[in-house]
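Below: the structure, in structure tokens.
So you know, we letter chains A, B, ... as the sequences are listed, proteins then strands, and number each from 1.
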Protein chains: 2
Amino acid sequence: MASHGARGRSGGRPTLEEVAARAGVGRGTVSRVINGSPRVSDATRAAVEAAVAELGYVPNTAARALAANRTDAIALVVPEPETRFFAEPYFSDMLKGVGAELSDTEMQLLLIFAGSDRERRRLAQYLAAHRVDGVLLVSVHADDPLPDLLAQLEIPAVISGPRSAAETLPSVDSDNYGGARSAVEHLLARGCRHVAHITGRLDVYGAQRRVDGYRHALLDAGHEVDERLIEPGDFTEDGGRRAMTELLARRPDLDAVFAGSDVMAGGARQVLREEGRRIPDDVALVGYDDSAIARHMDPPLTSVRQPIEEMGRRMIDLLLTEIADRRPAVSRGLERRQMVLATELVERASS
Amino acid sequence: MASHGARGRSGGRPTLEEVAARAGVGRGTVSRVINGSPRVSDATRAAVEAAVAELGYVPNTAARALAANRTDAIALVVPEPETRFFAEPYFSDMLKGVGAELSDTEMQLLLIFAGSDRERRRLAQYLAAHRVDGVLLVSVHADDPLPDLLAQLEIPAVISGPRSAAETLPSVDSDNYGGARSAVEHLLARGCRHVAHITGRLDVYGAQRRVDGYRHALLDAGHEVDERLIEPGDFTEDGGRRAMTELLARRPDLDAVFAGSDVMAGGARQVLREEGRRIPDDVALVGYDDSAIARHMDPPLTSVRQPIEEMGRRMIDLLLTEIADRRPAVSRGLERRQMVLATELVERASS
DNA sequence: ATCACGAGTGGGAGCGCTCCCACGGTACCT
DNA sequence: AGGTACCGTGGGAGCGCTCCCACTCGTGAT
């Protein structure tokens with residue numbers, strides 16, 4: 001490299017200017033063609049496109065980002081260690097939906113883990129540098145400072161699973177309340193009298209909603225709610241085991257369990273088996289998530305399916321809208337910025 | 001936004017220039033401090049750092065990329081559908097190592113799937129735009145055109161698992177030959193007489209090397225190699241099952257099986273069980289990868305462990321070196337650019 | 001005292017693009 | 001005929017940074 005100025009010369013990648021010269025037009029016109037502006041005549045457009053093809057022109061992303069003040073990238077932020085990311089099918093399904101919806105866009109998806117403190121600091125730096133046009137936030141706990149940081153930096157964001165009923169961010173969620181209801185109603189319809197519930201972490205809004213659904217399903221069916229039949233878990237297998245043990249000790253006569261996740265249902269199953277309870281004859285079991293665990297459990301687990309891939313797609317829709325809407329200064333309130341998708345009960349042998 | 005020129009003004013992110021003004025120095029000096037150049041006096045450096053802190057200055061990546069002609073990003077390209085990525089622990093371990101090694105760098109890691117044709121076209125476009133400084137290639141088949149594309153675009157790349165003995169790209173691999181040897185030697189030491197081998201896909205170089213290791217271990221121990229004891233698989237469970245069936249039909253007297261992957265060992269185990277062969281009493285079984293499958297199999301599977309995380313780290317080392325070396329025009333040949341890491345046999349109850 | 005040199009510094013030029021203003025031309029009105 | 005309205009178009013002026021050259025000092029050798 002002889003001198004700084006000679007860097008891009010001779011043999012380097014072609015620039016907009018070179019395409020313009022080749023097509024016999026000005027820079028502005030080439031830019032318009034590249035960006036699909038309608039204000040270009042067909043003849044000119046064809047000429048430019050030919051020049052682009054001949055030269056093998058590819059726009060320089062950095063230059064575009066600098067001039068237009070956008071990055072054409074969005075981040076999927078996973079506030080969990082990578083281990084959990086790979087362990088839970090939730091993320092892989094989400095990623096699939098997101099990727100699909102993004103594939104006919106120029107947008108680039110970045111996957112960012114923010115499990116450790118160190119990673120979180122890195123992320124903060126990253127966001128401060130405005131290296132993405134928007135952020136997708138999945139699986140956020142109630143007290144996570146990330147959403148506030150995003151708001152402060154004025155970075156468009158969409159959250160999956162609102163943090164509370166008063167969520168201010170645009171969000172996409174599945175119908176946790178309805179999903180839980182359908183699970184309990186199913187158990188009642190099968191003739192179960194004493195339905196227990198192992199909850200998820202109650203600082204997760206969705207877990208609370210499932211408890212609500214459980215309660216209301218019982219009440220609406222004319223049962224009363226026995227608090228001894230509700231035991232908090234933490235979404236882990238071990239938590240499921242502990243909760244199940246507790247429940248059996250308190251109400252040995254229970255004949256059904258609705259677990260707030262498949263993983264916890266797996267833990268519960270182990271305890272039930274150890275205690276000699278047959279599934280579903282003695283105790284019916286229903287999980288939540290319809291994950292691979294559910295299909296492979298013995299017996300196969302009835303579970304509530306969430307349309308996670310679909311949720312991923314919707315999140316992208318919302319986010320892209322959000323990004324586009326940053327031009328007109330005034331945002332139009334929160335209308336249609338929070339959506340809830342239906343769940344589906346998948347019945348298997350465990351109930 | 002009143003006018004183009006006013007975009008960044010008043011309230012926007014601070015620029016290098018503003019930091020310079022604040023610190024009472026020139027732009028060049030601030031740039032030097034930001035980039036850790038040693039040619040700055042301590043006093044000046046302190047002043048600049050103070051200004052940076054007060055203003056909350058964060059460099060603009062796009063501007064830097066444009067001016068310096070680098071992106072500070074590298075891509076991990078997975079030429080597989082996302083499904084396989086999540087299913088195989090190989091990738092998650094690799095990602096962990098790569099992430100760890102990158103975490104004290106300014107480099108950003110991009111995860112790019114190139115499973116479908118569509119995704120591959122997208123990737124090609126992406127690379128043509130030089131949006132990354134380097135590429136990590138994992139799990140590449142012998143006839144994949146990607147490495148050539150990379151070479152043509154002059155993008156530094158490192159490959160995990162060389163495509164052949166004549167691999168030209170810098171590469172990191174585990175000792176497939178040695179790993180296979182240790183597995184077979186272990187089986188022979190346990191007194192097995194007729195050791196079969198279910199191979200991986202033979203268009204994968206590593207699988208070939210494992211066959212070589214198997215052969216040489218037998219020969220060196222004074223056994224002869226019976227080709228009827230070698231059956232090609234394809235790394236899938238089903239392939240393992242087919243191969244095992246085939247082997248049992250041909251050599252019912254076999255007393256040990258070395259499978260080229262844990263997944264195939266899993267398939268083989270099913271067949272052995274169906275045929276009433278006890279593991280390890282009738283037939284000893286050894287797998288490859290030491291994945292979760294191995295630990296959870298019944299009986300737990302003896303397996304060859306590859307230091308995948310370590311491989312990920314080494315790949316980053318090589319790649320960063322490769323990127324740095326693009327300044328001096330002349331590359332110093334291939335010395336030390338291909339490395340092979342040792343494997344370890346993890347003994348469990350299956351052998 | 002003079003010269004040579006390197007350390008430390010300031011700032012011009014340029015990276016490749018987008019945005020916008022200004023301009024010539026054509027079509028349509030009055 | 002003159003005016004008004006657009007199209008479609010060219011190109012200047014940045015975007016915020018890095019790179020490099022030139023310049024000013026001190027320091028040590030002569």
With B:Arg70 via salt bridge (charged side-chain N to carboxylate O under 4.0 Å, His left out) - residues at least two apart: B:Asp72
Salt bridge (charged side-chain N to carboxylate O under 4.0 Å, His left out) partners for A:Glu119, two or more places apart: none
Can you tell which of [options] lies closest to the side chain of [X]?
| X | options | value |
| --- | --- | --- |
| A:Ser41 | D:dC17, D:dT9, C:dT9 | D:dT9 |
| B:Arg64 | C:dC17, D:dC17, C:dC19 | D:dC17 |
| A:Thr15 | C:dC15, C:dC17, D:dG8 | C:dC17 |
| A:Val25 | D:dG10, C:dG16, C:dC19 | D:dG10 |

Side-chain donor or acceptor of B:Thr321 paired with backbone N/O of B:Asp317 under 3.5 Å: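 At least one qualifying donor-acceptor pair exists.
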Mind calculating the distance between [atom1] ([X]) and [atom2] ([N]) to the nearest angstrom?
| X | N | atom1 | atom2 | answer |
| --- | --- | --- | --- | --- |
| A:Asp42 | D:dG8 | CG | C1' | 12 Å |
| A:Arg13 | C:dC15 | CZ | C1' | 12 Å |
| A:His130 | D:dC17 | NE2 | P | 13 Å |
| B:Glu106 | D:dT18 | CD | P | 12 Å |
| A:Arg39 | C:dC19 | CZ | C1' | 14 Å |
| B:Asp72 | D:dC17 | CG | P | 14 Å |
| B:Leu16 | C:dG10 | CG | C1' | 13 Å |
| A:Glu17 | D:dG10 | CD | P | 12 Å |

Side-chain N,O (A:Arg27) to OP1/OP2 (D:dG11) below 4.0 Å: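 For D:dG11, OP1/OP2 do not have a side-chain N/O of A:Arg27 under 4.0 Å.
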Under-4.0 Å side-chain N/O to phosphate OP1/OP2 contact, B:Thr44 with C:dG8: no
Terminal axes of the helix from C:dA1-D:dT30 to C:dT30-D:dA1 (five pairs each): angle between them, nearest 10 degrees: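 Helix axis angle between the two ends: 40°.
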Residues which pass side-chain hydrogen bond (donor to acceptor under 3.5 Å, both in side chains) with A:Arg122, listed by chain and number, not counting sequence neighbours: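 Here no residue qualifies.
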side-chain hydrogen bond (donor to acceptor under 3.5 Å, both in side chains) against B:Glu80, all qualifying residues, sequence neighbours excluded: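 side-chain hydrogen bond (donor to acceptor under 3.5 Å, both in side chains) list for B:Glu80, sorted by chain: B:Arg84, B:Ser139.
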DNA chain C-proximal residues of residues 46-56 of chain B, any heavy atom under 4.0 Å: none
For DNA chain D, the residues among residues 29-38 of chain B that have a non-hydrogen atom under 4.0 Å from it: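 Nucleic-acid contacts, sorted: B:Ser31, B:Arg32, B:Asn35.
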Pair B:Met315-B:Leu319, side chain to side chain contact (heavy atoms under 4.5 Å, CB included): steps then yes or no: CA-CA 6 Å; B:Met315 287 181 74; B:Leu319 187 59; over 6 Å; no
Considering all heavy atoms, the nearest A:Gly134-A:Ile155 contact: CA-CG2, 4.0 Å
Using atom types as modelled, flag every donor-acceptor pair under 3.5 Å from a side chain in residues 95-115 of chain A to any protein atom, sequence neighbours excluded.
{"unit_1": "A:Ser103", "atom_1": "OG", "unit_2": "A:Ala100", "atom_2": "O", "d": "2.9"}
{"unit_1": "A:Thr105", "atom_1": "OG1", "unit_2": "A:Leu102", "atom_2": "O", "d": "3.2"}
{"unit_1": "A:Gln108", "atom_1": "NE2", "unit_2": "B:Tyr126", "atom_2": "OH", "d": "3.4"}

Pairs meeting criterion salt bridge (charged side-chain N to carboxylate O under 4.0 Å, His left out) with involvement of [range], two or more places apart:
| range | value |
| --- | --- |
| residues 50-64 of chain A | A:Arg22-A:Glu54 |
| residues 35-53 of chain B | none |
| residues 132-159 of chain B | B:Arg120-B:Asp144 |

Side-chain polar contacts of residues 26-33 of chain B - donor-acceptor pairs under 3.5 angstrom, sequence neighbours left out - could you list them?
{"unit_1": "B:Ser31", "atom_1": "OG", "unit_2": "B:Asn35", "atom_2": "ND2", "d": "3.4"}

